[in-house]
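Below is one structure, written out as structure tokens; comments come after it.
Both ligands and their constituent atoms are indexed starting at 1 by order of listing. Bear in mind that the values here come from a model prediction, so they are computed numbers and not experimental data. Residue numbers count from 1 along this sequence.
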Amino acid sequence: MFDWKQEPHRRYNPLTRKWVLVSPQRTARPWQGQIEPDDAARAAEYDPECYLCPGNARAGGVSNPNYTATFVFDNDFATLQAGTALDRFEQDGLLIAETEPGICRVVCFSPRHDLTIAGMELADLRRVVDTWVEQWGELGRHPVINYVQIFENRGAMMGASNPHPHCQIWAGHSLPNEVALEQASQKAWREERGRCLLCEYAKLERAAGSRVVEQNESFLTVVPFWAVWPFETLVIARRHMAAIDGLTSAERDGLADILKRTAARYDRLFQVSFPYSFGFHQRPSDGEGHDEWHLHAHFYPPLLRSAKVRKFLVGYEMLATPQRDLTPEAAAERLRGV
Ligand code: H2U
Ligand code: ZN
């Protein structure tokens, strides 16, 4: 009899159709990771040096208004530009390039410099959700935009340039790699089985329970069966919808609630303001219905054993297949326990 909790195996990600190697025998010993509290000084509510705080100057001389809730502005160092002409270059099928028009924005979640999703009031987080819905709709209606990616890099370890709570939106002309992979899988599932991949997965996870971290009426957070990062989670809308504009008012509150509770568990796990990359995946804004899409979000946190010990995706993982020691079930249990 094979012991899936103790012996090496691989697991399949139906969203990307890629595999991950799981080696739980390496963590079979009881888990005794040290907890190193964050020694960073607590940030102030307002930082005169912060380019995101209300009233402060940004690069290029623009000053932020004295905003009191959320605040959105065009990224001063935008990766993409709306005026880029559409063009394509190809040589012998080997050298292929395409122009990529787009729009990049920054969304400040709060005027308070010292808050995080975990620490914000639900009513204020609800305003952030409303801002995401508005921005997603507005940018998606722009004729050149076909996909709107909302994402947050949190913590210096993930390359965030500033602790002020904020996210970025990159809205572009093409379908990004990860989104294209997930779209192809969801479409194939829909065509072959006549059902929605993530509706079925959410149902299965709720029944199993072992990978569930948080749930409310509208959303479910699980450590996915195929997680690559030690404490990676997937936040799935309970009801089928292709994008964030399908959320009812109660579901928008539900999204604020599940994000706050999921982020708070991360912070408690290693007693640190947990770093992560977070973002939504949803239907493209290309004018089609895309009923194959099911709204969800990914948290990809880098931490492995403590506030200071992170996982690197290197070596075998760069050249062959990603690998993890801790099983997703064990990771979910630890997150449920804090
Ligand atoms: P990150 O913390 O995820 O790096 O996001 C901060 C963004 O803010 C980054 O994309 C932009 C950077 O280009 N930015 C401005 O638009 N104006 C500034 O004055 C500084 C930073
Ligand atoms: Zn600030």
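In this structure, Tyr201 and Trp226 have tilted ring planes: the angle between them lies in the 30° to 60° band.
No donor-acceptor pair closer than 3.5 Å links the side chain of Arg11 to the backbone N or O of Leu21. Remark: the backbone N or O of Arg105 is not paired with any side-chain donor or acceptor of Asn75 at under 3.5 angstrom. Side chain of Arg265 to backbone of Arg336: a donor-acceptor contact under 3.5 angstrom is found.
The protein heavy atom nearest to atom 8 (O) of ligand 1 is Val106 CG2, 3.7 Å. Taking atom 5 (O) of ligand 1 as the reference point, the nearest protein heavy-atom neighbour is Gln168 NE2, 3.0 Å. What sits closest to atom 6 (C) of ligand 1 on the protein, heavy atoms only, is Ser161 OG, 3.4 Å. In terms of protein heavy-atom proximity, atom 19 (O) of ligand 1 is nearest to Ala59 N, 2.7 Å. From the protein, the heavy atom lying nearest to atom 21 (C) of ligand 1 is Tyr51 CE1, 3.2 Å.
Looking at every heavy atom in both residues, Pro230 comes nearest to Ala331 through O-CB, 3.3 Å.
The distance criterion of under 3.5 Å between nitrogen or oxygen atoms is not met by Phe73 with respect to ligand 1. Ligand 1 has an N or O atom lying under 3.5 Å from an N or O atom of Asn75, backbone or side chain.
Tested against Arg211 for a salt bridge (Lys or Arg N to Asp or Glu O under 4.0 Å), the candidates Glu329, Glu333, Glu232 yield a single pass: Glu329. None of Arg195, Arg190, Arg193 except one satisfies the salt bridge (Lys or Arg N to Asp or Glu O under 4.0 Å) rule with Glu200; the exception is Arg195.
Within the 4.0 Å heavy-atom shell around ligand 1 one finds His166.
Ranked by closest heavy atom to atom 17 (N) of ligand 1, the top entry among Leu52, Asp76, Asp74 is Asp76.
Between the Zn ion (ligand 2) and the N, O or S atoms of His113, the shortest distance is to ND1. Within His164, the N/O/S atom positioned nearest the Zn ion (ligand 2) carries the name ND1.
Between Trp170 and Tyr147, the gap from one ring centroid to the other reaches at least 6.0 Å.
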